[in-house]
Enquirer: 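Here you go, one structure.
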Amino acid sequence: MLELIKVNPSSGEPIYRQLHEQIVRLIVGGQLQVDQVLPSVRQLAEHLAVNPMTVSRAIQQLVEQGWLERRRGQPTRVANKQDAPATTSLQLLESQANDLITKAKQLGICLDDLKSLMEQQWDK
């Protein structure tokens, strides 16, 4: 699981938010299964070379939102999907798609050209 998570410290987006979004995508995409144990906060922090408090913040938000569950004395696990928010894969990409569309419109790129670009990138 650790190899699936990457953060970009030079990105404008906070690291805890990058981590949060990636874990949600892994759950929705099925790479993380119900009851699967996550690495400890310390292990994640070491792997990503970030402060453990940053990882802890992301994990705590995921617990509060129902994606993960913590029980005293046990490792953090993926929550039962019935208890998790009803989110689809497409909903996770919606804001990024909106950003892409806005940028394309600002650059004067027509929809057909944007579709063509997406298809070219998809096949790579």
Side-chain angles (χ1 to χ4, degrees):
M1 183 223 142
L2 287 175
E3 65 279 352
L4 297 174
I5 297 177
K6 306 272 187 267
V7 294
N8 181 0
S10 58
S11 165
E13 187 173 24
I15 291 173
Y16 78 90
R17 194 172 301 147
Q18 292 178 47
L19 183 58
H20 176 281
E21 289 175 2
Q22 288 183 47
I23 291 174
V24 169
R25 285 194 300 261
L26 290 170
I27 293 169
V28 171
Q31 288 92 334
L32 288 176
Q33 303 294 320
V34 173
D35 288 332
Q36 185 171 345
V37 173
L38 268 64
S40 69
V41 168
R42 187 166 301 176
Q43 288 171 320
L44 276 170
E46 284 179 17
H47 171 73
L48 300 170
V50 299
N51 187 314
M53 290 302 294
T54 301
V55 175
S56 184
R57 180 176 182 182
I59 298 297
Q60 185 57 40
Q61 285 182 348
L62 290 162
V63 168
E64 290 170 1
Q65 294 169 356
W67 292 105
L68 301 176
E69 61 182 28
R70 279 185 176 157
R71 294 186 187 135
R72 189 170 300 279
Q74 293 184 8
T76 303
R77 298 177 183 276
V78 176
N80 186 333
K81 288 188 181 189
Q82 293 174 349
D83 301 331
T87 302
T88 66
S89 299
L90 287 176
Q91 287 173 319
L92 294 174
L93 292 176
E94 189 171 338
S95 69
Q96 292 164 326
N98 288 336
D99 291 344
L100 177 63
I101 291 166
T102 299
K103 289 175 185 176
K105 286 179 179 179
Q106 290 170 344
L107 292 168
I109 297 172
C110 71
L111 180 57
D112 288 336
D113 289 344
L114 181 59
K115 286 179 183 178
S116 176
L117 175 64
M118 295 294 292
E119 288 171 357
Q120 290 170 9
Q121 295 301 315
W122 187 270
D123 292 334
K124 283 188 175 182

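The structure presented is a predicted model; accordingly, all values stated were derived computationally and were not measured.
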Enquirer: If we only count heavy atoms from C-beta on, is the Q18 to K6 side-chain gap below 4.5 Å?
Expert: no
Enquirer: Should L68 and V78 count as side-chain neighbours, where that means a heavy-atom distance under 4.5 Å?
Expert: yes
Enquirer: Answer yes or no: is there a donor N or O on one side and an acceptor on the other, between the side chain of E69 and the main chain of G66, under 3.5 Å?
Expert: no
Enquirer: Return a table of donor-acceptor pairs under 3.5 angstrom between the side chains of residues 114-122 and protein atoms on other chains or two or more places apart.
Expert:
none

Enquirer: List the atom of I109, the atom of D113, and the distance in Å for their closest heavy-atom pair.
Expert: CG2-CB, 3.8 Å
Enquirer: Determine whether R70 and Q60 satisfy the following criterion, side chain to side chain contact (heavy atoms under 4.5 Å, CB included), listing intermediate values before the conclusion.
Expert: CA-CA 9 Å; R70 279 185 176 157; Q60 185 57 40; 3.0 Å; yes
Enquirer: So which heavy atom on R77 is nearest to which on V37, and how close?
Expert: NH1-CG2, 3.2 Å
Enquirer: Atom OG in S40, atom NE2 in H47: separation rounded to 0.5 Å?
Expert: 12.5 Å
Enquirer: Compare all side-chain heavy atoms of L62 with those of L19 and state whether any distance is below 4.5 angstrom.
Expert: no
Enquirer: Below 3.5 Å, can you tabulate the donor-acceptor pairs from side chains in residues 52-59 to any protein atom, sequence neighbours excluded?
Expert:
from: R57; atom 1: NH2; to: Y16; atom 2: OH; distance (Å): 3.2

Enquirer: If I take atom CD1 from residue I23 and atom CG from residue L4, how far apart are they, to the nearest 0.5 angstrom?
Expert: 11.0 Å
Enquirer: Are V41 and T76 close enough that some pair of their side-chain heavy atoms sits under 4.5 Å apart?
Expert: no
